[in-house]
Trainee: 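Here it is: the structure, laid out below.
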Amino acid sequence: MITETTAFDLSRRNTFRLPAKCAAYVEVTSPEDLLGIDFDSLPQPVKVIGGGSNLLLTGDFPGTMLHCDIRGIDPLEEDVKKEGDIHVMVGAGESFDSFCQWAAGRGLWGVENLSLIPGEAGAAAYQNIGAYGVEAADVVVRINAFDRASGKMAVLYPEDCDYGYRDSMFKHSGGRYIITSVVYRLSTLPSARLGYGGVRGRVEQYLSMNPDESLTPSLVRGIIISIRSEKLPPVEEVGSAGSFFCNPVVPRCHYERIVEKEGTQVPHYDLPGDMVKIPAAWMIERCAFKGVCRGGAQVCPTQPLVIINRTGEATAGDILSLEEDITKAVFERFGIQLHPEVEHI
Ligand code: EPU
């Protein structure tokens, strides 16, 4: 266990690469480490940090940042499973993409669509990451966590987690649970999910050009990686926190008013209950924010849902100024309040 109680530099711990410090930093490498921590003696509040890939650090943090650097990708033989299922326990600090690579390399289905999402396996279950029609909640079997309320380890099941779009009970529990590992469900049975956007077309095109190959998790992973790489700059090179805003969900009548007012087709996804999801990227582009800069920050020219630290010198103020202007412009034009997907600290 590492504990630093002097100002700790977080600039390498957030993928926006923003300069910020926390009063204390604690890194644990096992669940037992957590049982031994006297939380009351640490600078408050205590906040768990994962890969820092969904954070906007708006300034120095007066409390303690706690990182669970618990590793391991271990198939569980003893779990009772459906035919073809493989349950795998993944340490909270393991890179989620390493897990996706591990699964694809073994021909196991389930997380190939989530390839290349930055961040760690614990945070994936915490915030219910999603991409290309798949969410973490689809593959979570159970979550092992330290419960700060009881001071003991707890096991949580998806029904305890109140999962929604990029949302879960964990986000609203006031930091009660510290996830130590997640058991994810993979399958040996073919279960490709190609329904989102252009994924199926890309897969079919690839297979027609490579007739000796077949549909495997590795192939889908490769296609997802190439789609993502075309639109999203790698966080190792250009600071960002992925999608900055959530895609809003509105009643159908609101969507129809937008179609009428804009006089054009509006991309959308029909949802149950006569609700419609409209891509925030489309609205941001319509408001002419694609590529717009404030200081060192820029609305990503290839995917306007993402704000990037273009120069490497962006400040939280630059990003907050873009957020404010985009939110205002989208509200004025479409009557829709955008909400950030990135957590502000
Ligand atoms: N669009 C535009 N202009 C653009 C780009 C996109 O109008 O320049 C419109 C298009 O209509 C496009 C639609 O936006 O069809 C959707 O774009 P995309 O498929 O790139 O996805 P997104 O809705 O912008 C979401 C997730 C991403 C995830 C992708 C793919 C959220 C907040 N974001 O983005 O997740 O990778 O779908 O599934 O739901 C993340 O959460 O950090 C993230 C990157």
Side-chain angles (χ1 to χ4, degrees), residues 14-16 50-56 96-97 100 111-120 123-138 163-168 171 193-202 220-221 223-235 238-250 255 258-259 262 264-271 276-292 298-308 319 323 326-327 329-330 333-334 336-343:
N14 73 98
T15 57
F16 256 131
S53 54
N54 202 41
L55 287 186
L56 175 64
F96 191 78
D97 188 56
C100 297
V111 290
E112 59 286 351
N113 291 30
L114 302 176
S115 291
L116 214 62
I117 297 182
E120 299 178 353
Y126 174 96
Q127 64 197 4
N128 193 18
I129 60 166
Y132 305 101
V134 176
E135 294 183 326
D138 300 337
Y163 277 127
Y165 168 53
R166 299 293 197 277
D167 197 25
S168 73
K171 285 188 158 184
R193 277 152 298 179
L194 309 178
Y196 185 96
V199 179
R200 185 181 304 279
R202 294 278 282 256
V220 177
R221 174 174 161 78
I223 300 279
I224 296 287
I225 287 176
S226 65
I227 295 175
R228 282 187 79 93
S229 309
E230 283 160 20
K231 290 199 254 180
L232 300 168
V235 286
V238 183
S240 88
S243 297
F244 194 90
F245 297 100
C246 287
N247 285 322
V249 175
V250 297
Y255 155 76
I258 293 176
V259 174
E262 296 290 318
T264 177
Q265 287 195 340
V266 177
H268 65 284
Y269 307 96
D270 295 325
L271 298 177
V276 175
K277 188 186 263 191
I278 305 179
W282 180 82
M283 293 190 279
I284 297 169
E285 185 169 358
R286 290 290 279 188
C287 292
F289 270 97
K290 214 169 178 174
V292 166
Q298 183 183 32
V299 178
C300 182
T302 46
Q303 167 47 298
L305 196 54
V306 174
I307 295 178
I308 58 173
I319 295 166
E323 174 183 0
I326 290 171
T327 307
V330 166
R333 181 158 179 163
F334 301 103
I336 290 179
Q337 181 69 40
L338 287 184
H339 295 287
E341 200 256 328
V342 167
E343 188 178 356

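Both counts, for ligands and for their atoms, begin at 1 and track the order of listing. Both backbone and side-chain heavy atoms feed into the values below; hydrogens, waters and symmetry mates do not.
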Trainee: Keeping the roles fixed (side chain from Asn128, backbone from Ser168), state whether a donor-acceptor pair exists under 3.5 Å.
Mentor: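 Checking the backbone N and O of Ser168 against the side chain of Asn128, no donor-acceptor pair under 3.5 Å is found.
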
Trainee: Measure the distance from atom 26 (C) of ligand 1 to every protein heavy atom, then report the residue, atom name and distance (to 0.1 Å) of the closest one.
Mentor: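 Of the protein heavy atoms, Arg166 NH2, 3.3 Å lies nearest.
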
Trainee: For residues Ser226 and Arg202, is any side-chain donor paired with an opposing acceptor at under 3.5 Å?
Mentor: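 Checked: Ser226/Arg202 side chains pair up, N/O donor to acceptor below 3.5 Å.
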
Trainee: Could you find the nearest protein heavy atom to atom 21 (O) of ligand 1 and give me its residue, atom name and distance?
Mentor: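 Result for atom 21 (O) of ligand 1: Tyr196 OH, 3.3 Å.
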
Trainee: Aromatic rings Tyr255 and His268: how do their planes relate, parallel, tilted or perpendicular, breaks at 30° and 60°?
Mentor: tilted

Trainee: Which atoms from ligand 1 have a heavy atom of Arg228 less than 4.0 Å away?
Mentor: 36 (O), 44 (C)

Trainee: Measuring from Ile223:CD1 to Tyr132:OH, what's the distance to the nearest 0.5 Å?
Mentor: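 Result: 11.5 Å between the selected atoms.
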
Trainee: Relative to ligand 1, is Phe245 under 4.0 angstrom through side chain, backbone, both or neither, heavy atoms considered?
Mentor: backbone

Trainee: Within the structure, does at least one protein heavy atom fall under 4.0 Å of atom 30 (C) of ligand 1?
Mentor: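 Yes.
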
Trainee: Nearest protein heavy-atom contact for atom 7 (O) of ligand 1: which residue, which atom, what distance?
Mentor: Trp282 CA, 3.1 Å

Trainee: For ligand 1, which atoms sit closer than 4.0 Å to a heavy atom of Gly242?
Mentor: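 Numbered from 1, ligand 1 contributes 42 (O).
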
Trainee: For the CD atom on Gln265, are there more than 12 heavy atoms of other groups (residues, nucleotides or ligands in this structure) within a distance under 6.0 Å?
Mentor: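 Not buried by this count: 12 neighbours or fewer within 6.0 Å.
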
Trainee: Within the protein, is there a heavy atom lying under 4.0 Å from atom 12 (C) of ligand 1?
Mentor: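 It does not: no protein heavy atom is found less than 4.0 Å away from atom 12 (C) of ligand 1.
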
Trainee: Check if Arg286 has a non-hydrogen atom at a distance under 4.0 Å from any atom of ligand 1.
Mentor: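 Contact check Arg286 vs ligand 1: negative.
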
Trainee: What is the nearest protein non-hydrogen atom to atom 2 (C) of ligand 1, stated with its residue, atom name and distance?
Mentor: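 Residue, atom and distance for the closest contact: Glu285 OE1, 3.4 Å.
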
Trainee: Quick test of your reading of the structure: of Gln303, Glu230, Lys231, Glu341, whose heavy atom lies closest to atom 22 (P) of ligand 1?
Mentor: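 Shortest heavy-atom distance from atom 22 (P) of ligand 1: Gln303.
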
Trainee: Please classify the Ala131 to ligand 1 contact at 4.0 Å (heavy-atom distances, strictly less than): side chain, backbone, both or neither.
Mentor: both

Trainee: Can you name the ring-ring contact (aromatic ring centres under 6.0 Å, His included) partners of Phe334, sequence neighbours left out?
Mentor: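 Applying ring-ring contact (aromatic ring centres under 6.0 Å, His included) to Phe334 gives Trp282.
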
Trainee: Hey, does Tyr269 sit under 4.0 Å from ligand 1 if you only count heavy atoms?
Mentor: yes

Trainee: Any salt bridge between Lys171 and Glu343, counting N to O under 4.0 Å?
Mentor: no

Trainee: In terms of atom number and element, which parts of ligand 1 are under 4.0 angstrom from non-hydrogen atoms of Pro267?
Mentor: 11 (O)

Trainee: Below 4.0 Å from ligand 1: does a non-hydrogen atom of Pro304 turn up there or not?
Mentor: yes

Trainee: Name the closest protein heavy atom to atom 34 (O) of ligand 1, giving the residue it belongs to and the distance to 0.1 Å.
Mentor: Leu305 CD2, 3.8 Å

Trainee: Among all protein heavy atoms, pick out the one at the shortest distance from atom 38 (O) of ligand 1; state its residue, atom name and that distance to 0.1 Å.
Mentor: Tyr132 N, 2.6 Å

Trainee: Enter the distance from Ile336:CD1 to Ile258:CD1 here, rounded to the nearest 0.5 Å.
Mentor: 4.0 Å

Trainee: If I take atom CD from residue Glu341 and atom CG from residue Asp167, how far apart are they, to the nearest 0.5 angstrom?
Mentor: 10.5 Å

Trainee: Quick one: closest heavy-atom pair of Thr15 and Gly51, and the distance?
Mentor: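 In terms of heavy atoms, the two residues are closest at CG2-O, 4.0 Å.
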
Trainee: Looking only at protein heavy atoms, which one is nearest to atom 39 (O) of ligand 1, and how far off is it?
Mentor: Tyr165 OH, 2.7 Å

Trainee: Would Ile319 and Phe244 count as a side-chain contact (heavy atoms from CB on, under 4.5 Å) here? Give the steps.
Mentor: CA-CA 10 Å; Ile319 295 166; Phe244 194 90; 3.5 Å; yes

Trainee: Does Ser243 approach ligand 1 within less than 4.0 angstrom via side chain, backbone, both or neither, non-hydrogen atoms only?
Mentor: both

Trainee: For atom 25 (C) of ligand 1, grab the closest protein heavy atom and report residue, atom and distance to one decimal in Å.
Mentor: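 Its nearest protein heavy-atom neighbour is Asn247 ND2, 4.0 Å.
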
Trainee: Search all heavy atoms of Val111 against all heavy atoms of Cys100 and return the closest pair with its distance.
Mentor: O-SG, 3.5 Å

